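Treat the numbers as computed from the prediction; the structure is a model and nothing was measured. Chain naming here is simple, since letters A, B, ... match the order of the sequence lines and numbering starts at 1 in each.
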Protein chains: 2
Amino acid sequence: MTMQKHSAEPRNAAPRILGAARTIAAREGAGKITIEAVAKEAGLSKGGVLYNFPTKKALLSGLLDQMLDAHREHLGKVPERHPSRTLRGHLETVLQSQEVDDDLSMAILAAAASDPRLLDPLRAEMSGDIERILTDTQDNSAAMIAILAIQGLRFQRLLKLPEGGGNIRDRVIERLRTIIDELE
Amino acid sequence: MTMQKHSAEPRNAAPRILGAARTIAAREGAGKITIEAVAKEAGLSKGGVLYNFPTKKALLSGLLDQMLDAHREHLGKVPERHPSRTLRGHLETVLQSQEVDDDLSMAILAAAASDPRLLDPLRAEMSGDIERILTDTQDNSAAMIAILAIQGLRFQRLLKLPEGGGNIRDRVIERLRTIIDELE
DNA sequence: GGAACTTAACCGACCGGACGGTACAGAGAT
DNA sequence: ATCTCTGTACCGTCCGGTCGGTTAAGTTCC
């Protein structure tokens, strides 16, 4: 009967740890991400966490990496025909997968609060995205405004800032969709 | 004029303390705001800081308050005739006073990271602003997009995210100005 | 096939430092 | 003298990181 290994899920504790970190960040705020708290949430000990991520920076960095991966994957699902598909993809990502995106933003907050350098990979990624979008569209300023508005949507939701009430949010989204479509 | 007290600036250490906090946040990240560090930066001792702000929450809260005040003051300078003057004011504030606005964003970050509830005053303020803007304009979705884009500009600069290079930023701003003007 | 050893994964006690907060003393001005 | 403000010393806690186990699963050699 060989037995199970340790308790329940033997391998790959890393994703569980990252998930725990996201949970904590979403529930109690980015500042509450502590190794012990993450360990408890993930169902293992502090040592276990530090085995997988030798330092807290590594943990945060890994968190952001995972978020970026998820984000990339989402963008990949957008039909490629679309000229400004990354732009459209960004918007749809923000809309569809609220959880994933909130987590991403939370990871950004946590990273920015502890060590701004952790944002470097994000910057690189965004740099590529923006460049691609701008070369694919002729009305660069309109495209950039769309990008900025999408970012605004992110932080607005993340910080629970007021949305204007009513169906304004939906109308804004619809408007953004048409703007993006018109960008061709 | 009697005399100075101890070292240099006798009264009203509070603004100096808040300024120190802003400096630290801008220089080392929002997470590095610590009472001792603030004290050192402000040129007084920990006790001095804690006399003016009995708790760290009070400090962060005061920081955000000051930022909101400064922001309000800026908005007040915008010609009142303008129908969407708050919207225009927001944009101009972001543009003109880079320091003040970056500090505001940093305070937001710091507050959000430590205790999300500290953002409540900000939420209230923004709620009023948005409501006013939306009632003053008939194209609500366009106005909201402008608001979101302006917020996007804030965080973009705060987190040093890529801007798209070239003069795109300027063109975006010009475009936003015209959009806002057309909203009337 | 089984003792001896290695390796991977994890535990949990502990350390040092930082940090928030308290207590109290003292200097200036009035 | 008293009130306002600031400095110094200190306490308890929390947190990141270290370190010596420990357990389970191979691996090697006979």
Side-chain angles (χ1 to χ4, degrees), chain A residues 1-21 24-25 27-64 107 110-111 113-118, chain B residues 1-21 23-25 27-64 107 110-111 113-115 117-118:
Chain A
M1 32 238 46
T2 58
M3 294 264 122
Q4 333 167 313
K5 298 185 180 169
H6 282 215
S7 44
E9 300 288 324
R11 345 208 81 255
N12 262 15
R16 229 173 55 243
I17 293 173
L18 293 178
I24 293 175
R27 195 177 55 212
E28 310 177 37
K32 296 294 183 61
I33 294 183
T34 179
I35 294 185
E36 285 175 352
V38 170
K40 185 181 171 187
E41 179 76 27
L44 41 74
S45 75
K46 199 171 163 180
V49 172
L50 281 156
Y51 177 80
N52 290 275
F53 298 93
T55 179
K56 190 181 179 181
K57 263 189 197 172
L59 194 153
L60 290 178
S61 175
L63 185 59
L64 219 146
S114 77
D115 183 2
R117 291 186 192 178
L118 291 174
Chain B
M1 17 235 52
T2 57
M3 282 272 118
Q4 333 169 313
K5 281 190 176 169
H6 283 216
S7 45
E9 300 287 324
R11 333 211 87 255
N12 259 16
R16 229 172 57 242
I17 292 173
L18 293 178
T23 301
I24 292 176
R27 194 177 55 213
E28 310 176 39
K32 297 293 184 61
I33 295 184
T34 177
I35 295 184
E36 287 175 350
V38 169
K40 186 181 172 188
E41 179 76 26
L44 43 74
S45 75
K46 197 171 162 180
V49 172
L50 278 155
Y51 176 81
N52 290 275
F53 299 94
T55 178
K56 191 183 180 181
K57 264 188 195 173
L59 194 155
L60 290 178
S61 175
L63 185 59
L64 219 146
S114 76
D115 183 2
R117 290 187 193 178
L118 291 173

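For the contact set between residues 53-61 of chain B and DNA chain C, defined by any heavy atom under 4.0 Å, the members are B:T55, B:K56.
Using a 4.0 Å heavy-atom criterion, one finds that B:L50 contacts the bases of the nucleic acid, with or without backbone contacts as well.
Atom NZ of A:K32 and atom CZ of A:R27 lie 10.0 Å apart (nearest 0.5 Å). Put simply, CD on B:E41 and CD1 on B:I33 are 11.0 Å apart, with the number rounded to the nearest 0.5 Å. B:T34 contributes atom OG1, which lies 7.0 Å from atom NZ of B:K46 (distance to the nearest 0.5 angstrom).
With rounding to whole Å, A:E36 atom CD is found 12 Å from C:dA13 atom C1'. In this structure, NZ of B:K40 is placed 14 Å from P of D:dT8, rounded to the nearest angstrom. Note: CG (B:L44) to P (D:dT6) measures 6 Å, nearest angstrom. Here the C1' atom of nucleotide C:dA18 and the NZ atom of B:K32 are 12 Å apart, to the nearest Å.
Regarding contacts with the backbone of C:dA8, every side-chain N or O of A:N52 stays at 4.0 angstrom or more from both OP1 and OP2. The phosphate of D:dC5 (OP1 or OP2) has a side-chain N or O of B:Y51 nearer than 4.0 angstrom. The side chain of B:T34 places an N or O atom within less than 4.0 Å of a non-bridging phosphate oxygen (OP1 or OP2) of C:dG20.
In the interface, the side chain of A:K46 is paired with the base of D:dG16 through a donor and an acceptor atom under 3.5 Å apart.
Closest heavy-atom contact between B:F53 and B:A58: CD2-O, 3.8 Å. Minimum heavy-atom separation, B:L59 to B:A21: CD2-CB, 4.1 Å.
A search for salt bridge (charged side-chain N to carboxylate O under 4.0 Å, His left out) contacts involving B:K56 returns nothing, not counting sequence neighbours.
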